[in-house]
There are 2 protein chains.
Amino acid sequence: MVTKQLLKGLPEDADLRRADSLAREIFSDVANKWALLIIEALGERTLRFNEVRNEVEGISHKMLTQNLRMLERNGLVDRKVHPTVPPRVEYTLTEPGRALRTAVDAICGWTHQHLAHIESARGSFDA
Amino acid sequence: MVTKQLLKGLPEDADLRRADSLAREIFSDVANKWALLIIEALGERTLRFNEVRNEVEGISHKMLTQNLRMLERNGLVDRKVHPTVPPRVEYTLTEPGRALRTAVDAICGWTHQHLAHIESARGSFDA
DNA sequence: CGGCATCCCCAGCGATACTG
DNA sequence: CAGTATCGCTGGGGATGCCG
């Protein structure tokens, strides 16, 4: 199984341990609400900072910068600064970013497909 | 696009607005590190509370209960209590839970496939 | 064993303001 | 317009202890 190391941890080989802890780190970076929503918002497009902000409902200026930095650092988004005045900064998904987006799409799709089931499950549970 | 409403929000129809806010809520529930790791840990298996705890590195007792409750409430995991002493509580993914798991698998797979790329991207960025 | 409640603390986040 | 910095709060989450 491809995820074995991510979950089990504690392989004996030192290189594997390093790779695994790196994988955990990346997973933690990426598996959070804002990061996923930003990736989904970017899609195939190139957006400016405030355009992303408008696409991602409820995100604060600060959270957006933080997450964009993190995604840039991990090579998931490309940040292009145009040296104009006023500044113009454009964000685009890189190839790895687009690859991850298909997984995010799957989650979004899943969410919509199971809305009804979940709503009724909640109904039963809350009773 | 299947995710349009999740991202754009503000549809004019009242029912759509409700559905969309519900979708956002579910997405926020599900798109977090611990929930995804728990789903991945369960996989096709049935695990007891402390077994899940052992599979999910670093999760606290409290976080595990909270997330399991949340997943149960949303109908993603089934919780079965055996009235024995000491108690025995088993958790299993429901059908929707297993469906979501394929998306989580994709993320895990993606993580491993891009380890090298990400590591080098970090190297450049940090310089 | 698993769950719930309580306490407590720190990091995460929002708000605000200032720079290029 | 975009980014950084600072401040202040609140709530997330860890630790602990007690029940069924």
Side-chain angles (χ1 to χ4, degrees), chain A residues 24-39 41-42 45-74 76-93 124-127, chain B residues 24-39 41-42 45-74 76-93 124-127:
Chain A
R24 282 198 159 69
E25 211 180 309
I26 295 169
F27 191 88
S28 301
D29 272 1
V30 144
N32 86 64
K33 182 182 159 180
W34 292 131
L36 295 183
L37 286 175
I38 290 171
I39 289 169
L42 278 173
R45 301 176 293 173
T46 292
L47 297 180
R48 302 181 58 176
F49 185 87
N50 280 319
E51 289 171 342
V52 182
R53 192 154 159 49
N54 291 334
E55 296 292 326
V56 182
E57 161 122 6
I59 195 171
S60 71
H61 184 103
K62 187 179 183 179
M63 278 297 91
L64 183 55
T65 359
Q66 277 186 9
N67 279 276
L68 282 172
R69 282 295 160 280
M70 179 274 283
L71 292 172
E72 187 195 356
R73 180 170 118 91
N74 289 325
L76 301 201
V77 306
D78 182 52
R79 176 170 178 268
K80 179 158 193 181
V81 182
H82 296 74
T84 60
V85 42
R88 177 187 190 84
V89 184
E90 293 179 331
Y91 294 92
T92 320
L93 289 184
S124 322
F125 185 92
D126 296 344
Chain B
R24 281 198 160 69
E25 210 179 309
I26 295 168
F27 191 87
S28 302
D29 273 359
V30 146
N32 85 67
K33 182 183 159 180
W34 292 131
L36 295 183
L37 286 175
I38 291 170
I39 289 169
L42 279 174
R45 302 177 292 173
T46 292
L47 297 180
R48 302 180 59 175
F49 184 87
N50 280 320
E51 290 171 343
V52 182
R53 192 153 159 50
N54 291 334
E55 296 291 328
V56 181
E57 160 122 7
I59 195 169
S60 70
H61 185 105
K62 187 180 182 179
M63 278 298 90
L64 183 55
T65 354
Q66 276 186 8
N67 279 277
L68 282 173
R69 282 294 160 280
M70 180 273 284
L71 292 172
E72 187 194 355
R73 181 170 116 92
N74 289 325
L76 301 201
V77 305
D78 182 52
R79 177 170 178 269
K80 180 157 193 183
V81 183
H82 296 75
T84 59
V85 45
R88 176 187 192 84
V89 183
E90 295 179 329
Y91 294 93
T92 320
L93 288 183
S124 324
F125 185 92
D126 295 345

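Any value given below was found using the heavy atoms of this structure, including those in side chains, with hydrogens, waters and symmetry copies removed. Protein chains get the first letters and strands the later ones, always in sequence-line order, with residue 1 at the start of each.
When the C1' atom of D:dG13 is taken as reference, atom CG of B:N67 falls 11 Å away, rounded to whole Å. Computed from coordinates, the A:M70 CE to D:dT4 P distance equals 15 Å when rounded to whole Å. Rounded to an integer number of Å, the gap from B:W34 CH2 to D:dG13 C1' is 11 Å. Note: CZ (A:R88) to C1' (D:dA2) measures 12 Å, nearest angstrom. The NZ-P distance, from B:K33 to C:dG12, rounds to 11 Å in whole Å. In this structure, A:E90 atom CD and D:dC1 atom P are separated by 15 Å, rounded to whole Å. Rounded to whole Å, the distance from CG on B:L64 to P on D:dG14 is 11 Å. Atom CE of B:M63 and atom P of C:dG3 are 14 Å apart (whole Å).
Here the side chains of B:N32 and B:M70 are in contact, with some heavy-atom distance below 4.5 Å. Taking 4.5 Å as the limit, some side-chain heavy atom of A:V52 sits within range of a side-chain heavy atom of A:L64. Within the 4.5 Å cutoff, the side chain of B:L36 has heavy atoms near those of the A:F27 side chain. When side chains are defined from C-beta on, B:T65 counts as touching B:F49, because their heavy atoms get closer than 4.5 Å.
Residue A:H61 has its side chain nearest to D:dT4 when only C:dC7, D:dC1, D:dT4 are considered.
For the OP1/OP2 pair of D:dG3 and a distance below 4.0 Å, the side-chain nitrogens and oxygens of A:R69 include at least one atom meeting the criterion. Note on B:S60: a side-chain N or O is less than 4.0 Å away from OP1 or OP2 of D:dG14. Phosphate proximity of D:dG3 to A:Y91: present, with a side-chain N or O under 4.0 Å from OP1 or OP2.
Residue-level contact check: A:R79 touches the backbone only, with heavy atoms under 4.0 Å from sugar-phosphate atoms and none from bases. Counting non-hydrogen atoms under 4.0 angstrom, A:R48 reaches the backbone sugars and phosphates but no base.
Screening B:R45, B:E51, B:R79, B:K80 against B:Y91 for a side chain to side chain donor-acceptor pair (under 3.5 Å) leaves a single residue, B:R79.
Map A:P86 and A:K62 each onto its nearest nucleotide of DNA chain D; the residue landing nearer the 5' end is A:P86. Nearest-nucleotide assignment on DNA chain C puts the 5′-proximal partner with B:F49, out of B:F49 and A:P87.
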